[in-house]
Number of protein chains: 2
Amino acid sequence: MTPATAAERSDAARNRERLLAAAREIIQEGGAQALTMDRLAERAGVGKGTVFRRFGSRAGLLLTLLDDSEAAFQERFLFGPPPLGPGAPGLERLVAFGAARIAYVVEFGDLVLAAENASRSSRFEVPAAALWHRHIEVLLREEGFTSDPWLMAGSLGAALDPGRLLNLVRVHGITADRLAASWQDLVTRVVKGA
Amino acid sequence: MTPATAAERSDAARNRERLLAAAREIIQEGGAQALTMDRLAERAGVGKGTVFRRFGSRAGLLLTLLDDSEAAFQERFLFGPPPLGPGAPGLERLVAFGAARIAYVVEFGDLVLAAENASRSSRFEVPAAALWHRHIEVLLREEGFTSDPWLMAGSLGAALDPGRLLNLVRVHGITADRLAASWQDLVTRVVKGA
DNA sequence: AGGCTAAACGGACCACGGTCCGTTTCTATT
DNA sequence: AATAGAAACGGACCGTGGTCCGTTTAGCCT
């Protein structure tokens, strides 16, 4: 029962585990900024080429590290209980989505930020981003928003940009509650507006 | 009549001119991406240390290169004729501001983008950004927006993020007109909304 | 078991942004 | 004009992300 996609060689699997474990160690000790590709290779006892073969780039590595929490987050707003998941009206889900996203960014801030600005120009290819975008768009449509919902979804999503949110929280000391309130105000006005 | 701030030494001034000229040449020939600090130093016939002494960093250099057009842009929305400048109602000025910003980003896209992601994490310290932020905030207040106008100004500003706009224009082929229309829709709803 | 091939490996190498510090050059002062 | 000291200069040097390619190894096939 070999899967359609060629199976992973055992040494490759072992090294992937080693690398992820080492990466988590390094981050725990010194933050995301301490995670350099050279150090990681050394710590995991593999060659540098292997690190890049596995993850493609530093951005790819960070994305992989975030993968679990990302998936959990997606699970919640796609299939979880309302108001975040399906079952509540679109506007309520939008409001909940913003609040959840803000909480998420605050929790995993370091990593998210590092992943964002590690990707060589444009965080717009991150697959997860496309999903949020689409999610917002769908909710807008559900609320009867008809004038270019795709672009509007992007504009709203930009308000939840991790770099921005973290800057507000860390540098300006804005609380998550205040951010969530402003987000609620924003989406409410957009949905009910003019 | 020596100015309060120590005058610039003549060799320094000469080198600054040489560097800016060389930088513009390089960009004209190969785009912003071709502008490396080593190449610039070589082309201008100065040492690498001199480049960094003058501009501090690559981001600083790019900002300097943008300085003229930046200043002109600011001039227009601060003191120019309505609807962009003072004299028109706040909402109209907001709409015009978005359109002008979109046009600006499309025109100087390369440079703006390069400057943005050259700055070591967080384009939020660019002084010009603070000015737009404040401008939007003032216009919101003028329109009677009272619930956390500062944060709302930031959220709206995020919709005009150069990286985002350029991605939409270049990768997705969205026209400037469509972007401007969506911006108008957004700010109208926010100002008039619920 | 032995061998074959594709996959995985490793580390030297590159380009780039940025720092450092010994050397040179400008300019104000006498 | 000579001089002193601050400012500017230059380029070797470093850490980093990323590439390349010759070498090793897993795992299937006979």
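Order of the sequence lines fixes the chain letters, A, B, ..., with proteins taken first and strands second; residue numbering starts at 1 for each chain. Model, not experiment: these values are computed from the prediction.
Here the shortest heavy-atom pairing between A:L91 and A:E143 reads N-OE2, 2.7 Å.
Base engagement by B:T50 is indicated by at least one non-hydrogen atom pair under 4.0 Å involving a base atom. Nucleic acid contact class of A:R54 (heavy atoms, under 4.0 Å, all strands): sugar-phosphate only. Nucleic acid contact for A:R16: none, since no nucleic acid atom lies under 4.0 Å from a heavy atom of the residue.
Rounded to whole angstrom, the span from the NZ atom of B:K48 across to the C1' atom of D:dA12 amounts to 10 Å. Across the protein-nucleic acid pair, A:L61 atom CG and D:dT16 atom P stand 15 Å apart, rounded to whole Å. Whole-Å rounding puts the B:L40 CG to D:dG11 C1' distance at 15 Å. The nearest whole Å value for the distance from the CE atom in B:M37 to the P atom in C:dT19 is 10 Å. Separating the CZ atom of A:R58 from the P atom of D:dT19 is a distance of 15 Å, rounded to the nearest angstrom. To the nearest angstrom, C1' of C:dA7 lies 14 Å from CZ of A:R14. Put simply, CZ on B:F52 is 15 Å from P on D:dG11, counting in whole angstrom units.
A donor atom on one side chain and an acceptor atom on the other are found under 3.5 Å apart for B:D185 and A:S147.
Look at B:S10 and you'll find a side-chain N or O under 4.0 angstrom from OP1 or OP2 of C:dT27. At least one side-chain nitrogen or oxygen of A:R53 sits closer than 4.0 Å to the OP1 or OP2 atom of C:dA8.
Between B:D11 and B:L35, the residue anchored nearer the 5' end of DNA chain C, judged by the nucleotide with its closest heavy atom, is B:L35. Mapped onto DNA chain D by nearest heavy atom, B:N15 and A:D38 fall at different nucleotides, with B:N15 at the one closer to the 5' end.
Electrostatic pairing of A:R134 and A:E137 counts as a salt bridge here, judged by a charged N lying under 4.0 Å from a carboxylate O.
Among the nucleotides D:dA8, C:dA8, C:dC16, the one closest to the side chain of B:A12 is D:dA8.
Donor-acceptor pairing under 3.5 Å, judged by distance alone, is absent between the side chain of A:R9 and the base of C:dA8.
In this structure, the side chain of B:R164 does not engage the main chain of A:A158 through any donor-acceptor pair within 3.5 Å.
Note that CG of B:L111 is 10.0 Å distant from CD of B:E70, once rounded to the nearest 0.5 Å.
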